[in-house]
Amino acid sequence: MSYSILSGIGQTLIHPSTAKKKLEKVTGCDFLIKFHAAHDLPKMDVVGTADPYFRAKIDDGQAEFSSSCIVNTLNPVWNEEWIVRNVPYAANLCVTVYDKDDDTVHDDYIGKFRIDIVPVHEVSVPIIGPFKTSRGIFRLSIELLPSVEVRPYTFDGPVRFSRHNSLAVGRLTKVNDERLYSTWEISLKRIDVYFDRNKKQKWNSSYQAAKSIFEGPMAHAIQSVIKQAHRVLYAKHTTNEFGVISSNVDFWRLLIDGNTNLIKPCVYTYIIEDHSWRFSETGASFFVDFASKHALHANCAQTVHYAGEFHPRPKCGWSQYDCNEVLDLNQWELVIDNGSGTYAPDLGLLNQLQELLVCNFPELHVITYDFKDPELKSSIEACREFAKSPKSRSIRTLQYLIRSPLVK
């Protein structure tokens, strides 16, 4: 059986209809934090200047934020926003600034600062480096928002994405493949409004591939390899793409094939963890070589909120789709399932998954299937057959399907 939500009602729900839990009482304030810019940073590279980015934490990691990387500048401008709700009184914000170095495992530390979370307008805060040296100035604003009833430290937008392309991953499994492997990470808001953080999906002890990863004499060695690959796949890099997603159209633009300027007909493997939705193409040869693609995306986490596969589908169906005709992005639907042998997600949570996605991508048409449903198998086969057909190789460019303007 499939389920469908076409409207954007979910984006306004604080208490989803399928949620059974009672949300925690509001004990703090809701804030919009605006990270404007930094200036007068020190030169960190022998050639060039610096490639700065920052990580922000509230109360030592109760909520976390990672910025985009601004290349070759000592005066980066971010203008990025972060909404966090039900922040306890007397909370503090710690911001650490780094210089991204693509050629090393660890990035250069520039400095950090810590301030109380109270309303301020474009305050300039000194960045303090090693031995209490001055490492520039950071500008930010903090605004008070109307409060809503959610658990403490709830992330509530904007929904941001990063896309990482890597040529190096093939070497980890000795795959002779020089193609780019892409991974996407999207920060989803209100995840634990829809999924109980105390009832995550634990790895499936009945699945042999999962058992080899999480227990047994070779578990440590296998996890080391998988975690190394995860670091490569999701590393912050100066060439990463970053942006904000504010609608279902923005989401579909992420899945456009740069070679055809059309939505790519393929299946994606995904996991949802505490802060984000991570996914990649399922069929890439590098990922096939791993015992569990879901464990790879989850960095060998013992539990996740949800996992499975998804694929795009024109509402008319792949068999009726003509890529030479202009098809509005609103005429696409996301088909998503619980197909993960590693984590065996609860079928009963598919409604929550659906509502979470509609909340984050207004008016996204989401259809959910149990992985055993024969209709799902037919839909996946139709998608893959279209990908193999000459029709998928059409070179016609749809004028409005250009490279996403969200990408910085």
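I213 is listed as a side-chain neighbour of C300, based on a closest heavy-atom distance under 4.5 Å. With a 4.5 Å cut-off on side-chain heavy atoms, Q201 and D346 count as touching. In this structure, the side chains of I115 and I142 come closer than 4.5 Å at one or more pairs of heavy atoms. At a threshold of 4.5 Å between non-hydrogen side-chain atoms, the residues C29 and V87 do not count as touching. Taking the side chain as every heavy atom from C-beta outward, E375 and K377 never approach each other to under 4.5 Å. Taking the side chain as every heavy atom from C-beta outward, I137 and I127 never approach each other to under 4.5 Å. Proximity of K236 to H164: side-chain heavy atoms (C-beta onward) are nowhere separated by under 4.5 Å. For the pair N92/D59, a side-chain contact is recorded, criterion being any heavy-atom separation below 4.5 Å from C-beta on.
Of all non-hydrogen atoms in S67 and R160, the two that sit nearest each other are CA-NH2, 3.7 Å. Closest of all the heavy-atom pairs between S212 and I222 is O-CD1, 3.3 Å. Closest non-hydrogen pair, A387 versus P265, comes out as CB-O, 3.4 Å. Residue A295 comes nearest to I226 through the heavy atom pair O-CG2, 3.9 Å, listed as atom of the first residue, atom of the second, then distance. Of all non-hydrogen atoms in P312 and C383, the two that sit nearest each other are O-SG, 4.4 Å. Nearest approach of S389 to F386, heavy atoms of both residues: OG-O, 2.7 Å.
Between W332 and F251, the distance separating the two ring centers is not shorter than 6.0 angstrom. Ring centroid separation for the pair Y98 and F54 does not come in under the 6.0 Å cut-off.
Few gaps surround NZ on K43; more than 12 heavy atoms of other groups in view lie less than 6.0 Å from it.
Checking side-chain atoms of D337 against main-chain N and O of Y369 turns up no donor-acceptor pair under 3.5 Å. With hydrogens and angles disregarded, a donor-acceptor distance shorter than 3.5 Å links the side chain of N204 to the backbone of G341. Of the possible donor and acceptor atoms, one in the side chain of Q354 sits under 3.5 Å from a partner among the backbone N and O of V366. Side-chain atoms of D116 never come within 3.5 Å of backbone atoms of A90 as a donor-acceptor pair (strictly under, hydrogens ignored). Put simply, the side chain of R135 gets close to the backbone of I110: a donor and an acceptor are under 3.5 Å apart. With N240 contributing its side chain and A235 its backbone, the two residues share a donor-acceptor pair below 3.5 Å.
The pair E281-K264 counts as a salt bridge, with a side-chain nitrogen and a carboxylate oxygen less than 4.0 angstrom apart. Between E143 and K34 there is a salt bridge, since a side-chain N of the basic residue sits under 4.0 Å from a carboxylate O of the acidic one.
In this structure, a donor-acceptor pair under 3.5 Å is absent between the side chains of S162 and E241. Counting only N and O atoms by type, the side chains of H294 and T269 include no donor and acceptor under 3.5 Å apart. Donor-acceptor pairing under 3.5 Å is recorded for the side chains of H297 and S280. No hydrogens or angles considered: nothing links the side chains of N86 and D30 as a donor-acceptor pair under 3.5 Å. With 3.5 Å as the limit, one finds no donor-acceptor pair spanning the side chains of T282 and K293. If you check the side chains of S182 and R163, you find a donor sitting under 3.5 Å from an acceptor. At a cut-off of 3.5 Å, with distance as the only test, a side-chain donor of S276 or E185 sits close to an acceptor on the other residue. In summary, the side chains of T49 and N72 do present a donor paired with an acceptor at a separation below 3.5 Å, with no hydrogens or angles considered.
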Exercise for review: Start with the C-alpha distance between L296 and L233, add both sets of side-chain angles, then the distance that settles side chain to side chain contact (heavy atoms under 4.5 Å, CB included), and finish with yes or no.
Suggested key: CA-CA 9 Å; L296 174 62; L233 290 171; 3.7 Å; yes

Practice item. Test side chain to side chain contact (heavy atoms under 4.5 Å, CB included) on I83 and L145 and set out the steps. Key: CA-CA 9 Å; I83 297 174; L145 299 176; 3.8 Å; yes

Review point. Should R55 and D107 be marked as a salt bridge (Lys or Arg N to Asp or Glu O under 4.0 Å) after you check the CA-CA gap, both sets of side-chain angles, and the distance that decides it?
Key: CA-CA 12 Å; R55 297 186 186 278; D107 298 328; 5.7 Å; no

Check your understanding: Can you list the steps and then say if E333 with R313 is a salt bridge (Lys or Arg N to Asp or Glu O under 4.0 Å)?
Key -> CA-CA 5 Å; E333 54 195 13; R313 185 173 69 186; 2.8 Å; yes

Practice item. Apply side chain to side chain contact (heavy atoms under 4.5 Å, CB included) to the pair D370 and N338, showing each step before the final yes or no. Key: CA-CA 6 Å; D370 177 31; N338 60 337; 3.3 Å; yes

Practice item. Output, in order, the C-alpha distance, side-chain angles, deciding distance and verdict of side-chain hydrogen bond (donor to acceptor under 3.5 Å, both in side chains) for H36 and S141. Key: CA-CA 8 Å; H36 300 303; S141 298; 2.7 Å; yes

Exercise for review: Applying side chain to side chain contact (heavy atoms under 4.5 Å, CB included), run through V335 and L376 and close with a yes or a no.
Suggested key: CA-CA 8 Å; V335 179; L376 173 65; 4.0 Å; yes

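Interatomic distance, CD1 of I191 versus NZ of K189, reported as 12.0 Å (0.5 Å rounding). In this structure, CD1 on I128 lies 10.5 Å from CZ on F113, to the nearest 0.5 angstrom. In this structure, the separation between OH on Y194 and CD1 on I272 is 12.0 Å, given to the nearest 0.5 Å. Rounded to the nearest 0.5 angstrom, D108 CG and D101 CG are separated by 5.5 Å. Annotation: the span from L349 atom CG to L353 atom CG amounts to 8.5 Å, rounded to 0.5 Å. In this structure, the separation between CZ on R384 and NE2 on H311 is 9.0 Å, given to the nearest 0.5 Å.
Each of D192, D274, D196 was scored for a side chain to side chain donor-acceptor pair (under 3.5 Å) with H305, with one residue passing: D274. Of the residues listed (W82, Y53, F155), the one engaging F65 in a ring pair (Phe, Tyr, Trp, His ring centres under 6.0 Å) is W82, and it is the only one. The one candidate from F242, F138, F35 that meets the ring pair (Phe, Tyr, Trp, His ring centres under 6.0 Å) condition with W78 is F138.
Both tests hold for R278 against Y234: distance to the six-membered ring centre under 6.0 Å, angle to the ring axis within 45°. Geometric assessment of K202 against the ring of Y343 yields a negative cation-pi assignment under the 6.0 Å and 45° thresholds.
Between W277 and F361, the ring planes are tilted. Angles from 30° to 60° get that label.
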